Protein chains: 2
Amino acid sequence: MATKGQSSVRQTRDAEATKAEILAAAEEEFARFGFAGAKTDAIAARTGVTKAMIYYYFGSKDELYKAVLERPAADFANAFADLDLEHLPPEEALKTVIRVAIAHEMSHPYYGRILLHEAMENQGKYFHLTGWDNPINRVVALVERGIEDGRFRPVDPWLVVNHTMGICTFYFNAQPNMRNVRPEFEWFTPEAIERFTESAIALVLAGIKADA
Amino acid sequence: MATKGQSSVRQTRDAEATKAEILAAAEEEFARFGFAGAKTDAIAARTGVTKAMIYYYFGSKDELYKAVLERPAADFANAFADLDLEHLPPEEALKTVIRVAIAHEMSHPYYGRILLHEAMENQGKYFHLTGWDNPINRVVALVERGIEDGRFRPVDPWLVVNHTMGICTFYFNAQPNMRNVRPEFEWFTPEAIERFTESAIALVLAGIKADA
DNA sequence: TAGTCAACTAACGAGTTAGTTAATTGTTGA
DNA sequence: TCAACAATTAACTAACTCGTTAGTTGACTA
């Protein structure tokens, strides 16, 4: 995947495949270095085509960056749209949200980092492109429903959502640092992720459930 | 602070002040753009001295970056070293940890972002310079003690520490994104931070306390 | 008060980076 | 089969960026 920049002539011509290849390479590069730190030459080197293709298909580094932000947004929004949170008991709905969010981090390992770079260096200017507003608002509404039902304590639902997002993302985003503190631990085996998921669910649900 | 690059001649000569000024400017720049995205010219422009002073005092961009990582490390380690966690009841000790961690985020607004950049773009290579291992290990030990005492559920103490760090940091690091979802909210007033702190403490403590 | 040195500046050079362009080659439909 | 067009490349440019260097200046000291 990363060792293909050598071959000087493309075997087949496939515009869609080339665009997808550029997007995938750009996602990796932007996830690691942010917008300013990412180099278009490095993105091109990760693909089988030349840098000019970036400009042919995307026009500019900035437009490429926006395209990278927009793409997996749809993935997550769709995965979330399929969930019928509104008809589940609030506890079950929140468990599902945490499960899906962590599974999404696993299946889209670069996306959370890109969002953090966007926040840190770009002050969230393009965050609206990601379509996250809607899922977040739905989870807030879900917590509010749990409070009204008397299942949850009278917490601040926005803060609970913040806490939950922090729990679900920190494990992934800070892992390269935390690995130094716990060098022997395997972070991304299916078993480790399952234990992490269950621990996150247990902490959040016990943390907000109404007193008996 | 940022509009001082014009004055071509320095009024006073003060090596320590100049070094500190460069470090502060570098911290802002690295926090926003990471290592690759930060420009030495931009760092110099934030100070009252020229770029050559960076190389005069720090030798290279890389050495400057390491100096930035090392500096507030001491602040936090010291603040933490003063806490007598080992002689408090585990609940009280954990409350204190969360309070101090959030206060540290408020008083060092750039530091958490630098650590995230370090994880994302540098894979935590220099994380050992920050001296965080020790505080983290102390909190893990504290949770273990709470479990042994029967005050906490038999949770995985490492995961609890991960969750807690996620809660304490996400509010700050992702705020430029979350602001878009909640545009009317004031995130950093003393009252908002106090509510956030209490909510974080309540969630974590309720989340891990032993069943009655 | 003349000498000395740390602190500092302006300007530059080598290498890098975003973006462009002219030419080339594969593909497709009539 | 071939013209027209889409996809692609190599080579290029202008601007930027890291790091260096030759020279300047304020302050302290003998």
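So you know, we letter chains A, B, ... as the sequences are listed, proteins then strands, and number each from 1. In this text the structure is predicted, and so the values were computed from the model without any measurement.
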Open item on the list: Can you measure I22(B) atom CD1 to dA7(C) atom C1' for me and round it to whole angstrom units?
Closed with: 11 Å

Open item on the list: Can you measure Y65(B) atom OH to dC18(D) atom C1' for me and round it to whole angstrom units?
Closed with: 18 Å

Task: Sugar-phosphate, base or nothing in reach of Y57(A), heavy atoms under 4.0 Å - done: sugar-phosphate

Task: Base-contact (B) and sugar-phosphate-only (S) positions in nucleotides 18-25 of chain C, heavy-atom cut-off under 4.0 Å, - elsewhere - done: BBBB---B

- [ ] With sequence neighbours excluded, tell me which residues meet salt bridge (Lys or Arg N to Asp or Glu O under 4.0 Å) with E70(A).
- [x] none

Distance-only check: which donor-acceptor pairs under 3.5 Å involve side-chain atoms of residues 90-101 of chain A, not counting sequence neighbours?
{"unit_1": "T96(A)", "atom_1": "OG1", "unit_2": "E92(A)", "atom_2": "O", "d": "2.9"}
{"unit_1": "R99(A)", "atom_1": "NH1", "unit_2": "E194(A)", "atom_2": "OE1", "d": "3.4"}
{"unit_1": "R99(A)", "atom_1": "NH2", "unit_2": "E194(A)", "atom_2": "OE2", "d": "3.3"}

Task: Value in whole Å for how far the P atom of dT24(D) lies from CE of M53(B) - done: 16 Å

Task: With K51(A) via salt bridge (Lys or Arg N to Asp or Glu O under 4.0 Å) - residues at least two apart - done: D41(A)

Task: Whole-Å gap separating P (dT20(D)) and CZ (F58(B)) - done: 16 Å

Open item on the list: From CZ of F33(B) over to P of dC18(D), roughly how many Å is that when rounded to an integer?
Closed with: 12 Å

TODO: Can you sort out the partners of E191(A) under salt bridge (Lys or Arg N to Asp or Glu O under 4.0 Å), two or more places apart, ordered by chain and number?
DONE: none

Open item on the list: Rounding to an integer number of Å, can you tell me how far D14(B) CG sits from dT25(D) C1'?
Closed with: 16 Å

Open item on the list: Among residues at least two apart in sequence or on other chains, which ones pass salt bridge (Lys or Arg N to Asp or Glu O under 4.0 Å) with R138(A)?
Closed with: E86(A)

Task: E16(A) CD - dT27(C) P separation (whole Å) - done: 16 Å

Task: Nucleotide dC8(C), atom P - distance to NZ of K19(B) in whole Å - done: 11 Å

Open item on the list: Regarding E16(A) and K19(A), does a basic nitrogen lie under 4.0 Å from an acidic carboxylate oxygen?
Closed with: yes

